[in-house]
Amino acid sequence: MAIDTIKFKRGVKSKLNNLSYGEPAYISDENELYIGTENGVEKITRNKEVAELSSQLEHITNNFVHIKDFYEDDFLVALKTAIDKGYKKINIDGEYECNSSLTINSVHDLELAGNCLVSCNTNAETFLEFSSCQNILIDGLVIDFNNHECYITIKLNGCENVELNHISIKNIANTNKDVNTTVIYSFSKNVKMNNIELNNITNLTDVNEIGSVGALTGIFLNINQTNNEAYINNIRATNIFNKNYQDNERSFRDCDIIKSQYTTGLTSEYIDSKIVINDVICTDFGKRIIKLQSGGANISNINGYNNFGDAYAPISLFRENVNIRNIYFKGNCYTGVSMSNGLKNINVDNVLIEGVCTNSVVELHTLSTDIARNISIKNVYYYGEENLSENSESVIYLGSNIENAIFENINVINGYFRKGVLRHTSYSINMNNITIRNCDFDLKNVVKLYSLNIYKCEHLNLKIDGCRHKYDVINSTSSLFDIGNLTGKSSKLFIRDCIFIPVGKCYAFGQFQLYNLDKIEIFNTIIDETNTTNITQIIVLECNTLKINNFECLKGVTMTISNIGNLSDLKCNTIRIIAEKETTPSLILFGYTCTTKKIDETVKIISDLPY
């Protein structure tokens, strides 16, 4: 059976006539329903009011509000009002002024998101602090301090699960030299920072002050047993540096874009922290890009540019269990990779430096009695510029206590390092199992090539394997290869598959001066003296064993192997001196009173070139 459609009386409001009691009508221009009552015609729906009420109910249900609903003249005041009213999701779209600071305590599940610009018009000690909060998200916040002061912009204190996305902080000019500046401070667990920009931030400091006051840090991670996880990704920093309060010029004082450090009192304890830092680009930064004073970190894709001469190093390491990959630096710095104290399990792979390292390319500068163990530095490329400073050290600069360190595939082009490839500190006491492998060194202005005359060393074990050395020398009175150990305990030197190409004047004391070593082995090694007047000498003082196998001197004149002291074992096999035409090369074995001496019949002196 068909059912007829029931239709209300309908029309526009102007055509509405009196309705009978109980008679409904639909008013099309208002989208409303009316009904006849005893008192006349009355509207029975209110769509606008219902929509507004529905929106309010939705906001309350979802804890969602726009900060503009509470904004009068101060962004943080409006933010506090919204949080105090219980809102959890706050839209921060828009541009705002701010003249205050805010601390948010014990709030959970808070989201601040939008495309927000906050312009600050006054100084602040701490701009925004979260204390004992959980599950905090801030996304899309730009804070412009307009060259006012702020010593901590965002502080995360005792929080858990905090995420900062698309945060930009700029134009801070601090003038109190007795206060440290930290842009983002975290003493919290499981912190994530993505797409952070820090621009034009300066801090006044006293370059003569001893201590840590006046330090400037972009992102500071304070680590302990609980607050030990941080993920830092896509960081951009420009013009962040200290200034000397006396002349307002750039200062070499502590300035780190990213810094992690154990909480005070935990400096001697290792904590298995989980720090990941990836994709960092810094331009005209101060002392360092990254300073790690806590262990357990994976770092990758770090890029730095600085031509002001106040950069110490792109990365400085002070603790154990760190993996680093892909570092690029262009400009002027003290050293490329700096490592200090008793480091363990450090892996550095793929470093490219263009410019000048005024001290060294790699610095493992241990000052303490702790032993640095298991250090791997691989695939380092250095393209140098002229540096005639007498303070330049060496490609690799080693400290006091090191075991199991390998430097592999180190390539240096136009490197101005007076102390050559390797130098140590004067107080080294343990240099055990150091390997330099498959490297190519093109050095200028060289006084020494290898300098390890270690006065207090108990163990010296150095392997040089598969390396090419080309070096311009500037001093005719030094031993090029100066390696020794005055204690003479278990010390060994191995040179294998190497090429040495000196350019310059002869050496009065020879190419190799070796002393107090238990064992010396030189295999498959060539000295090409085409561009020098060197007299090749191997001088052995108070050593036990010397083995030479397949040693060639190209275009040399005289090769002397001399011994001073008691050499217990000498073995020479296949020594070739390939001289220029019309010269009389000679092989001189001088001063040997060793217990066992074997000179193989294949030792040759060739007076004519084979080509």
Side-chain angles (χ1 to χ4, degrees), residues 75 92 110-120 124 126-130 133 136-145 150-157 159 161-172 174 180-203 215-223 227 229-241 255-261 274-292 294 297-306 314-315 326-327:
F75 172 80
I92 57 175
L110 177 65
E111 294 184 13
L112 311 178
N115 187 6
C116 176
L117 171 62
V118 178
S119 182
C120 298
T126 300
F127 179 76
L128 178 60
E129 177 178 352
F130 292 87
C133 297
I136 305 298
L137 169 65
I138 304 177
D139 193 333
L141 175 61
V142 178
I143 307 172
D144 187 349
F145 283 93
C150 183
Y151 292 92
I152 301 179
T153 302
I154 297 176
K155 184 175 183 179
L156 308 174
N157 189 23
C159 299
N161 300 330
V162 179
E163 189 168 348
L164 305 180
N165 293 332
H166 302 99
I167 306 297
S168 176
I169 300 169
K170 56 186 179 180
N171 300 326
I172 297 176
N174 290 339
N180 293 333
T181 294
T182 300
V183 185
I184 301 176
Y185 172 90
S186 173
F187 181 53
S188 298
K189 182 178 181 180
N190 193 19
V191 175
K192 297 180 180 179
M193 302 185 194
N194 297 289
N195 302 303
I196 308 296
E197 293 186 5
L198 309 175
N199 297 313
N200 301 323
I201 298 172
T202 60
N203 185 69
L216 171 58
T217 306
I219 298 173
F220 189 111
L221 305 175
N222 199 349
I223 304 297
N227 303 314
E229 296 180 43
Y231 303 87
I232 313 297
N233 182 62
N234 196 9
I235 308 300
R236 302 292 183 265
T238 304
N239 290 326
I240 299 181
F241 56 90
C255 175
D256 306 303
I257 306 303
I258 301 173
K259 177 180 178 180
S260 70
Q261 177 178 300
K274 298 177 182 178
I275 299 173
V276 177
I277 302 173
N278 177 58
D279 191 11
V280 179
I281 300 178
C282 299
T283 303
D284 295 337
F285 62 95
K287 193 169 184 178
R288 287 170 288 242
I289 298 177
I290 297 175
K291 181 180 182 181
L292 284 182
S294 63
N298 288 285
I299 301 172
S300 58
N301 303 320
I302 308 301
N303 295 269
Y305 307 84
N306 184 309
I315 292 183
N326 301 336
I327 301 173

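Computed from heavy atoms alone, side chains included, the values below leave out hydrogens, waters and symmetry copies.
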Step by step, work out the side-chain contact (heavy atoms from CB on, under 4.5 Å) result for K170 and V142. CA-CA 8 Å; K170 56 186 179 180; V142 178; 4.1 Å; yes
Output the distance between atom [atom1] ([X]) and atom [atom2] ([Y]), rounded to the nearest 0.5 Å.
X: I172; Y: L198; atom1: CD1; atom2: CG; value: 8.5 Å
X: I92; Y: L117; atom1: CD1; atom2: CG; value: 10.5 Å
X: I136; Y: E111; atom1: CD1; atom2: CD; value: 9.5 Å
X: K192; Y: N165; atom1: NZ; atom2: CG; value: 9.5 Å
X: I235; Y: I219; atom1: CD1; atom2: CD1; value: 4.0 Å
X: I184; Y: K155; atom1: CD1; atom2: NZ; value: 14.0 Å

If you take all heavy atoms of [X] and [Y], which pair is closest and at what distance?
X: N174; Y: C150; value: OD1-N, 2.8 Å
X: S294; Y: I275; value: OG-CD1, 3.4 Å
X: I327; Y: P314; value: CG2-CB, 4.2 Å
X: G286; Y: N306; value: O-ND2, 4.0 Å
X: L292; Y: S260; value: CD2-OG, 2.9 Å

Name of the residue among [options] meeting side chain to side chain donor-acceptor pair (under 3.5 Å) with [X]:
X: R236; options: N303, N199, D279, N195; answer: D279
X: N200; options: D284, T238, N239; answer: N239
X: Y185; options: T126, N222, N157; answer: N222

Using the rule given for side-chain contact (heavy atoms from CB on, under 4.5 Å), can you reason through L112 versus L141, listing the C-alpha separation, both sets of side-chain angles and the distance that settles it, and then say yes or no? CA-CA 9 Å; L112 311 178; L141 175 61; over 6 Å; no
Go through the steps for F241 and T202 under the test side-chain contact (heavy atoms from CB on, under 4.5 Å), then give the verdict. CA-CA 5 Å; F241 56 90; T202 60; 3.7 Å; yes
Is the side chain of N180 donor-acceptor paired with the backbone N or O of A215 at a distance under 3.5 Å, no angle test?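 Yes; judged by distance alone, with no hydrogens or angles, the pair exists.
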Under 3.5 Å, is there a donor-acceptor pair between the side chain of T181 and the main chain of N203?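 A pair under 3.5 Å: no.
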Got a sec, which residues hit side chain to side chain contact (heavy atoms under 4.5 Å, CB included) with N301, two or more places apart in sequence or on another chain? N278, N326
By side chain to side chain contact (heavy atoms under 4.5 Å, CB included), T217 pairs with (sequence neighbours left out) T182, F220, K259
Run the side-chain contact (heavy atoms from CB on, under 4.5 Å) check on V162 and F130 step by step: do they pass? CA-CA 10 Å; V162 179; F130 292 87; over 6 Å; no
Could you tell me whether the side chain of [Y] reaches within less than 4.5 Å of the side chain of [X], counting heavy atoms only?
X: F285; Y: D256; answer: no
X: I240; Y: C255; answer: yes
X: I154; Y: I167; answer: yes
X: F127; Y: I169; answer: no
X: E163; Y: N161; answer: no
X: Y231; Y: N194; answer: no
X: F145; Y: I201; answer: no
X: L164; Y: I138; answer: yes

